[in-house]
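Below is one structure; the comments refer to it alone.
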Protein chains: 2
Amino acid sequence: MNIQFNNRDPVYVQVVRYFKNQIAKGFLEPGQAIPSRRELANQLKINPNTAQRAYKEMEEEGLIKTEKNQPSRVTSDENVLQDLRDELIVQAVSEFVSSVKSINVSLDEALNLVKQKYEKGDSDD
Amino acid sequence: MNIQFNNRDPVYVQVVRYFKNQIAKGFLEPGQAIPSRRELANQLKINPNTAQRAYKEMEEEGLIKTEKNQPSRVTSDENVLQDLRDELIVQAVSEFVSSVKSINVSLDEALNLVKQKYEKGDSDD
DNA sequence: ATCGGTGTATTAAGCGATTAATACATATTT
DNA sequence: AAATATGTATTAATCGCTTAATACACCGAT
């Protein structure tokens with residue numbers, strides 16, 4: 001558990017993003033327990049309410065499930081998990097294509113650039 | 001001149017983005033005059049200071065040049081114009097590759113998705 | 001039953017950034 | 001020279017959102 005916070009985006013957004021990526025990668029598996037609000041807050045040195053805010057977002061999106069007096073768990077609904085990954089991808093693709101199109105970058109050019117960047121890429125995982 | 005404002009990003013940012021795209025596409029050519037602050041404000045129904053803010057950003061980036069009592073003009077510096085387009089592209093590519101990598105999307109998959117989206121794409125130009 | 005842990009709700013505080021109001025100096029035009 | 005239009009600077013108001021403070025209800029273990 002180690003999040004590199006920037007001071008650009010809200011903390012709770014960054015926390016959500018972190019968990020989404022972890023889930024999408026499969027590092028967090030279906031049904032797996034995640035830390036309590038207060039514990040997460042301690043680990044990350046953030047306010048418990050901020051942790052709660054993040055968990056609430058994920059709860060509303062169906063990513064995690066919470067039962068009384070049990071640790072919240074990653075949903076076991078495979079559809080949701082599949083959808084999550086898909087949504088992240090679709091969003092990334094949409095933004096990218098929209099951007100390059102708006103400045104008249106050809107498809108070939110775009111593909112080449114992606115390929116180069118991907119292969120060369122400073123891995124940030 | 002027609003900008004579709006969202007209420008997500010600051011107005012001046014959206015104005016800058018609009019002009020950048022126009023320039024990157026070549027719709028605004030080197031040396032071409034652009035509206036005065038107040039005129040732009042009238043057309044877009046925004047506060048003159050917001051227009052000024054946008055122009056100031058562009059001025060600082062070297063995209064436009066302003067001489068006393070003359071309309072601001074798109075820079076004639078071809079280098080700047082080339083750099084602009086390059087920067088927009090690099091930024092888009094970086095964000096995209098970073099996103100897909102963070103959720104373990106393979107290069108091939110990414111390329112395919114871009115291709116599909118690009119070709120199918122609802123043109124937003 | 002008491003204590004410590006949990007999730008949750010409500011409310012307030014704080015902060016940052018955007019937008020707006022206003023004024024000033026200059027230049028061109030009538 | 002008066003009027004109008006320009007760019008610019010300074011300051012204030014506004015607004016939204018994030019974060020924090022606090023309290024409540026629940027449960028399990030001691």
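Below, chain A is the first sequence line, B the second, and so on; all start at residue 1.
- Donor-acceptor pairing under 3.5 Å is lacking for the side chains of Glu87(A) and Gln91(A).
- For Glu39(A), the listed nucleotide lying nearest its side chain is dT6(C); candidates were dT6(C), dT8(C), dT19(C).
- Taking atom CG of residue Leu40(B) and atom C1' of nucleotide dA5(D), one finds them 15 Å apart after rounding to whole Å.
- Classification of Arg73(A) and Glu67(A) as a salt-bridged pair fails, no side-chain N sitting under 4.0 Å from a carboxylate O.
- Going from atom CD1 of Ile34(A) over to atom P of dG7(C) covers 9 Å, rounded to whole Å.
- The hydrophobic cluster containing Leu63(B) does not contain Phe27(B), counting ILVMFWY residues as joined when their side-chain heavy atoms lie under 4.5 angstrom apart, directly or transitively.
- The separation between Lys65(B) atom NZ and dT8(D) atom C1' is 17 Å, rounded to whole Å.
- Protein atom CD of Glu57(A) is 8 Å distant from nucleotide atom P of dT18(D), rounded to whole Å.
- In this structure, the nucleotide among dT18(C), dT19(D), dA9(C) sitting nearest to the side chain of Asn49(A) is dA9(C).
- Between the P atom of dA20(C) and the CG atom of Asn42(B) lies a distance of 13 Å, rounded to the nearest Å.
- The phosphate of dT18(C) (OP1 or OP2) has a side-chain N or O of Tyr12(B) nearer than 4.0 angstrom.
- The residue among Pro10(A) and Thr66(B) whose nearest nucleotide of DNA chain D is located toward the 5' end is Thr66(B).
- Rounded to whole angstrom, the span from the CD atom of Gln70(B) across to the P atom of dT28(C) amounts to 8 Å.
- Rounded to an integer number of Å, the gap from CG of Asn7(B) to P of dC15(D) is 15 Å.
- The shortest distance between the side-chain N/O atoms of Ser36(B) and the OP1/OP2 oxygens of dT6(D) is below 4.0 Å.
- A sub-4.0 Å separation between OP1 or OP2 of dT18(D) and a side-chain N or O of Thr50(A) is absent.
- For Asn47(B), whose side chain is taken as the heavy atoms from C-beta onward, the closest listed nucleotide among dT18(C), dA20(C), dT19(D) is dA20(C).
- A salt bridge links Asp9(B) with Arg17(B): at least one charged nitrogen is closer than 4.0 Å to a carboxylate oxygen.
- Under 4.0 angstrom from either OP1 or OP2 of dT8(C) there lies at least one side-chain N or O belonging to Arg37(A).
- Nucleotide dC27(D) holds its P atom 12 Å from the CD atom of Glu67(A), rounded to whole Å.
- In terms of polar N and O atoms assigned as donor or acceptor, the side chain of Arg38(A) never comes within less than 3.5 Å of the base of dG5(C) in a complementary pairing.
- Taking 4.0 angstrom as the limit, Arg53(A) places a side-chain polar atom (N or O) nearer than this to OP1 or OP2 of dT18(D).
- Of the listed nucleotides (dT18(C), dG28(D), dT18(D)), dG28(D) has the atom at the smallest distance from the side chain of Asn69(A).
- Distance alone, capped at 3.5 Å, places no donor-acceptor pair between the Arg37(A) side chain and the Arg53(A) backbone.
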